[in-house]
Amino acid sequence: MNLKDQISTTKAQLLKTFEAATTEHALEEARIQFLGRNGQIAALMESLKTLSLEEKKSFGPQLNELKKVAETTYNERKAAIAKAQEQQAFAKFQHFDVTASTYQPLKSTLHPYTHIVEHVENVFMSMGYEIVDGPEAETDYYNFEALNIPADHPARDMYDTFWLDVPNMLMRTHTSPVEVHAMETKELPFAVVAPGRVYRHEATDASHDIMFLQTEGLFIGKNISMAHLFATAKAALQGIFEKKDINIRMRPGFFPFVEPGVEIDMTCPFCKHGCSVCKKTTWIEVFPAGLCHPNVLKCSGIDPEIYSGFAFGFGLTRLAMIKYGINDLRLFHSGKLQFLDQF
Ligand code: PHE
């Protein structure tokens, strides 16, 4: 085949090959075949050397023209392939429906403890109380000794205590140690409430757990009497249960750090004539309280001849159970979403 024919066949061939290349890979192979250093066009250029000057003059420009055609065709194909790819990617997005529904993310709610703590704190703050806090790992002194419960006192049996490996340290069995911290640090008179966790080494069942919430209340001033305690307990319960017609009564109770000590009952907030919550009695036992024992005041440097006070310690977990109608205390820490979702 003479060079002229070779040029025209190569041209036809390369146009066909580039046209057929629809992927980057195929196009690159075609480029190497025709435009590569050892490609067909380079070979034709090489053969030019053997020709006469006359022929060179005629075929040189033809070969250059062929190379140009190859390059332009290559560039056009390259752009066309890139465009096709872009369109393909875009087509994928076009099928992406931004309004299509996704799976439902989990709804988050506050834990019932958070609700009741906030609510109780608000009720007491509206009555002028300050919210205070205390450590959960306590010393024997704060949990017992300073509360008129010396080492050999039988009242220690009321508290199944988690003792820590550190001598004289325990997980507080009630929030009453916060009373002692408050008496040691606050200026008189003062009124505080301290919600928090307490720990008891007990077998668990629907109404007992090794950890639950209590709220301590302490009001110390001059001439504080049972009348103040009665009025405060009643107003607080009315606030907590959001009912004005709640009444209370007191029965004698015993705790070494109060004298006299009482158990407070309230009228059932759910019925008038007896229901399952009040066990058909119309009364519900709610919390113990009393006037601060003089020994307790003295122990924290307060003169019981001048000052007196009242304290109460209610089971906040129990109040939450009554308020929200929860029948098993273990649900609070079960992590069950069906339970938690309701709050
Ligand atoms: N701290 C007592 C308990 O948990 C409750 C209490 C507090 C009783 C304050 C009277 C006064 O058992």
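Numbering of residues begins at 1 and proceeds along the displayed sequence. Counting starts at 1 for both ligands and their atoms, following the listed order.
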- For A311, atoms of ligand 1 separated by under 4.0 Å from a heavy atom: 11 (C)
- Task: Using distance alone, decide if ligand 1 has a nitrogen or oxygen within less than 3.5 Å of any nitrogen or oxygen in Q214.
- Result: yes
- Contact check: T173 vs ligand 1, nitrogen or oxygen atoms, below 3.5 angstrom: no
- Task: May I ask you to decide if the ring planes of Y113 and H111 are parallel, tilted or perpendicular, using 30° and 60° as cut-offs?
- Result: tilted
- Heavy atom under 4.0 Å from ligand 1: found in M158's side chain, backbone, both, or neither? neither
- Parallel, tilted or perpendicular: which describes the rings of F219 and Y129, with under 30° parallel and over 60° perpendicular? perpendicular
- Can you name the side-chain contact (heavy atoms from CB on, under 4.5 Å) partners of T23, sequence neighbours left out? H25, A26
- May I ask you to identify the nearest protein heavy atom to atom 6 (C) of ligand 1, giving residue, atom name and distance to one decimal place in Å? F257 CE1, 3.8 Å
- Task: Return the residue, atom name and 0.1 Å-rounded distance of the protein heavy atom closest to atom 3 (C) of ligand 1.
- Result: Y159 OH, 3.4 Å
- Under 3.5 Å between some N or O of ligand 1 and some N or O of S176? yes
- Item | Lys/Arg N to Asp/Glu carboxylate O, E242 vs K323, below 4.0 Å | yes
- Residue, atom name and distance, where the atom is the protein heavy atom closest to atom 5 (C) of ligand 1: P288 CG, 3.7 Å
- Item | Region of R172 that comes within reach of ligand 1 [heavy atoms, distance under 4.0 Å] | neither
- ligand 1 versus F312: contacting region, heavy-atom distance under 4.0 Å: backbone
- Task: Look at the rings of W163 and F144 and say which category their plane angle falls in: under 30° parallel, 30 to 60° tilted, over 60° perpendicular.
- Result: tilted
